[in-house]
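These notes are about the structure you will find just below.
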Amino acid sequence: MLVRKIKSLLKNNSLTLDQLKQVHSPIITNGFCQLETLFLRQILLSTSGNSRVIAQHIYGTLFHMQNPDALSWGFAVRFFSANGQFKTAFSLYVHLQRLGLCPSSFAFSSSLKACARIGHKLGGLSVHAQVYKYGVCGSVYVQTALLDLYSKVGDVKSAQKLFDEMPERNVVSWNSMLSGYLSSGDLEMAKRVFDEIPKKDVVSWNCMITGYAKIGNMDEAILLFELMPERNLASWNAVISGYVNSGNVESARRVFDAMPMRNNVSWITMISGYSKCGDVLSARLLFDQMNDKEMLVYNAMIACYERNNQPKEAIELFNQMLKPGVNIQPDEMTLTSVISACSQLGYMDFGLWIESYMKLHGIQMDDHLANAFIDLYAKSGYIDKALELFRGLKNKDLVSYSAMISGCGVNGKAVDAIKLFEEMLNDGICPNLVTYKGLLTAYNHAGLVEEGYKCFNSMKDQGLLPSVDHYGTMVDLLGRAGRLEEAHELIKSMPMQPHAGVWGALLLACRVHNNVDLGEIAARNCFDLQPGKTGYSSLLANIYASVERWDDAGRLRGAVEEKGLTKIPGCSWMESV
DNA sequence: TTAGGGTTAG
C-alpha cells in the first residue's frame with residue numbers, strides 16, 4: 001500500500017522539496033529500492049538551488065541504491081556541476097565509472113565542466129579518454145565541454161585542434177574558443193575568432209569586451225559595448241569591472257548609475273571598486289542601500305574594511321552576518337578577511353574561535369585562508385603552529401613565503417627566515433618588497449648588520465626599489481649596532497622623503513649610544529614631521545641628560561608640560577584581556 | 001560559453 005502511495009505521489013511532476021523530504025525516509029527505512037530511481041529523478045528535476053538539504057538527499061539516495069542506473073547518476077553529476085559543487089560532481093562521476101556504468105552525455109559534459117572550473121586537467125583528460133572509449137564524441141555538447149576544458153586549463157592548441165575537427169559547432173563552441181584565446185592573452189587571435197563567429201550572441205560580445213577591459217583598453221571595450229545589438233547585465237557589469245580594474249572608479253560609477261537594471265554582481269563590483277581606491281565610506285553607502293544582501297556582498301564589504309585598515313569594523317560586520325536575523329553562512333573567503341583583520345588587531349583568541357567554527361561547519365582550510373592563519377599565528381608568537389600550517393600548504397606561493405619569513409623575522413628566528421628565503425628562490429618564486437621587508441626585519445632582530453646590508457643592496461638585482469620602510473629598517477639596524485654616521489648617510493641618500501619613522505629610528509639609536517649631535521638632527525626632523533608627538537622631545541631630553549646637559553634636558557621637558565601635551569602611551573600587538 | 005568577494009609589510 002505504502003509503496004503504491006509513494007509511487008503515485010512521485011509521479012506528480014510539481015512536487016515541493018518538503019513533500020520530497022517527507023517521502024525520503026519511508027523509502028530508505030523500508031528499503032523500497034524500486035522507488036529510489038524515481039525519487040532521485042524527481043528531486044533532481046523538480047528542485048533547483050544549491051541547498052545542503054537537497055544535496056544530502058541526493059547523496060543519501062545515490063549511495064543507498066540497490067540497482068544504480070547510469071541516467072540517475074548522470075543527472076546527479078549535472079546537478080552538482082550546475083550548482084557550483086564541482087568537486088562533488090567530479091567525485092560522483094568517478095564513482096559512476098567505478099560502478100561499471102556507461103556515463104551519459106550529461107555525465108560527460110557536466111564532469112568536464114566541473115574539471116574545467118576547478119582546473120583539474122588530469123581529471124578532464126581521463127574523462128576525455130572515456131569519451132572516446134564509449135564512442136560518444138559525436139555530441140556537440142560533449143565536444144564543446146571538452147573544448148572549454150582545454151581552453152580553461154590554458155591548452156589553447158588542443159582546444160583549437162578539437163574545434164577544427166568538430167563536425168558541428170554551435171555558438172557556445174565558438175565562444176569557448178574565443179574565451180580560450182582571451183584567457184591566454186592572445187587578443188589578436190581572439191579578435192579573429194570573434195570576427196568569424198557566424199551568429200554572435202550576447203556572450204560573444206561580452207567576452208570580447210572583457211578581453212579589452214582586462215588589458216586596460218577601455219576605449220575599445222566601450223566601442224564594442226556601444227556597437228553590440230543587445231546587452232544583458234553581464235555586458236554592463238563587464239564595463240564596470242573594466243573601469244574598476246583600470247582604477248577609474250568614477251567612470252565605473254557613472255555606468256553603474258546609468259544601468260537599466262542591476263544585480264548583486266553590479267553592486268559587488270562597485271563596492272570592491274571603492275575598496276580598491278580606499279573610499280570606504282562610499283562602499284558602505286552602497287552596502288547599506290542594498291536590500292537582500294547575499295554572502296558575497298558581505299565578503300566584499302568585510303574585505304574592504306580589512307584592506308583599508310579598519311579591522312574592527314570588519315569583525316563587527318562579520319558578527320552582524322552571523323546574527324540570528326541575518327544568519328548568513330560565511331565561506332573561506334569571508335574567514336580569510338576576518339582572520340587578516342584579527343591579525344592586524346592581535347586577536348589570537350578570535351582566530352582560535354574561527355578555527356573551531358570551521359570544524360563545526362565543515363569549512364575546509366584552503367591555501368589563502370591558511371596564509372592568513374600563518375600570519376596571525378606568527379604575529380601572536382605561535383611560530384611552530386604557523387610553520388606546521390606552512391608545511392601543509394598545497395602550493396607555497398609568494399604570499400605564503402613572505403608571511404612565513406616575516407613571521408620568523410618578528411619572532412627573532414633569523415636563521416629560519418634566511419633558510420626559507422633560499423627555499424623560496426630554489427622553488428623559482430621571485431621575492432617582492434614585502435618579502436624583503438620581512439627578511440630585513442629578521443636581520444634587524446638578530447643584529448646581523450653586514451648580512452642585512454648585503455640583502456638590502458641585493459634588492460636592486462631583483463629589480464626592486466627599496467621603499468621608505470626598507471630604509472627605515474636599515475637605519476634601525478645600523479643605528480642599533482652603533483653605526484650612526486652610516487645610518488645618517490643612508491637617510492641622506494634616500495631618493496624619497498623619509499618619514500618620521502626613519503628619523504625616529506635614528507633618534508632612538510642616538511639615545512642608546514648617547515650621540516647628541518646626530519640626536520639633535522634626528523629630533524629636529526621628527527619635530528617637523530610630527531609636531532604633536534612628544535615622545536621625540538623626551539628622547540632628546542634623555543640624550544641631553546646622558547651627557548649631563550641638564551639645562552637643555554629641563555628646557556625640553558618644560559616645553560612639553562607647557563604645551564599640555566602628554567606622552568603617547570606604548571601599545572602592544574597582543575589582544576588586551 | 002560571459003560579469004562579482006580572499007592571503008604577506010607599513
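Sequence lines set the chain letters: A, B, ... in the order given, protein chains first and strands last, and positions in each chain run from 1. As the structure is a computational prediction, the values presented were derived from the model and not from experiment.
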Please give, in whole Å, the distance from [N] [atom2] to [X] [atom1]?
| X | N | atom1 | atom2 | result |
| --- | --- | --- | --- | --- |
| A:Ile374 | B:dA9 | CD1 | C1' | 16 Å |
| A:Lys214 | B:dG4 | NZ | P | 6 Å |
| A:Met218 | B:dA3 | CE | P | 14 Å |
| A:Leu369 | B:dG5 | CG | P | 18 Å |
| A:Leu296 | B:dA3 | CG | C1' | 12 Å |
| A:Asn245 | B:dG4 | CG | C1' | 11 Å |
| A:Met290 | B:dG4 | CE | C1' | 10 Å |
| A:Met177 | B:dT2 | CE | P | 14 Å |

Could you please name the option among [options] that lies closest to any side-chain atom of [X]?
| X | options | result |
| --- | --- | --- |
| A:Met333 | B:dT8, B:dA3, B:dG5 | B:dG5 |
| A:Asp366 | B:dT2, B:dG6, B:dT1 | B:dG6 |
| A:Asp397 | B:dT7, B:dA3, B:dA9 | B:dT7 |
| A:Val434 | B:dT1, B:dT2, B:dA9 | B:dA9 |
| A:Ser402 | B:dT8, B:dT1, B:dA3 | B:dT8 |
| A:Ala234 | B:dA9, B:dT2, B:dG4 | B:dT2 |
| A:Leu433 | B:dG4, B:dG6, B:dA9 | B:dA9 |
| A:Val203 | B:dT2, B:dT7, B:dG4 | B:dT2 |
| A:Glu332 | B:dG6, B:dA3, B:dT1 | B:dG6 |
| A:Ile268 | B:dT1, B:dG5, B:dT2 | B:dG5 |

* Asked: A:Arg117: what forms a salt bridge (Lys or Arg N to Asp or Glu O under 4.0 Å) with it, not counting sequence neighbours?
  ->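 Result, salt bridge (Lys or Arg N to Asp or Glu O under 4.0 Å) vs A:Arg117: none returned.
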Does [X] pair with [Y] as a salt bridge, N-O distance under 4.0 Å?
| X | Y | result |
| --- | --- | --- |
| A:Glu306 | A:Lys312 | no |
| A:Glu220 | A:Lys214 | no |
| A:Lys161 | A:Glu165 | yes |

Remember a base hit wins even if backbone is also touched, and classify [X] as base, sugar-phosphate or nothing at under 4.0 Å, heavy atoms.
| X | value |
| --- | --- |
| A:Ser179 | nothing |
| A:Asp331 | base |
| A:Lys396 | nothing |
| A:Asp469 | base |
| A:Lys113 | sugar-phosphate |
| A:Arg169 | nothing |
| A:Asp375 | sugar-phosphate |
| A:Met270 | nothing |

Can you check whether [X] has a side-chain N or O nearer than 4.0 Å to OP1 or OP2 of [N]?
| X | N | answer |
| --- | --- | --- |
| A:Lys437 | B:dG10 | yes |
| A:Ser272 | B:dG5 | yes |
| A:Ser241 | B:dG4 | yes |
| A:Lys379 | B:dA9 | yes |
| A:Ser173 | B:dT1 | no |
| A:Arg307 | B:dA9 | no |

* Asked: In terms of side-chain heavy atoms, does A:Glu422 have a donor or acceptor partner in A:Asn426 at a distance below 3.5 Å?
  ->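 Side chains of A:Glu422 and A:Asn426: no pair found under 3.5 Å.
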* **A:Tyr141/A:Phe106 aromatic ring centres below 6.0 Å** =>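 Centroid separation for A:Tyr141 and A:Phe106: 6.0 Å or greater.
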* To do: Mind running salt bridge (charged side-chain N to carboxylate O under 4.0 Å, His left out) on A:Glu423 and A:Arg391 for me, showing each step along the way?
  => CA-CA 12 Å; A:Glu423 193 183 312; A:Arg391 292 292 169 213; 3.0 Å; yes
* For the base of B:dG4, is there a side-chain donor-acceptor partner from A:Thr269 under 3.5 Å away? ->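 Between B:dG4 and A:Thr269, which were checked side chain against base, a qualifying N/O pair under 3.5 Å is absent.
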* To do: Please state whether the base of B:dA3 and the side chain of A:Asn263 form at least one donor-acceptor pair under 3.5 Å?
  =>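 In this structure, the two groups form a donor-acceptor pair.
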* Given A:Phe287, A:Phe256, A:Tyr274, A:Tyr298, the one that forms ring pair (Phe, Tyr, Trp, His ring centres under 6.0 Å) with A:Trp267 ->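 So the option named by the test is A:Phe256.
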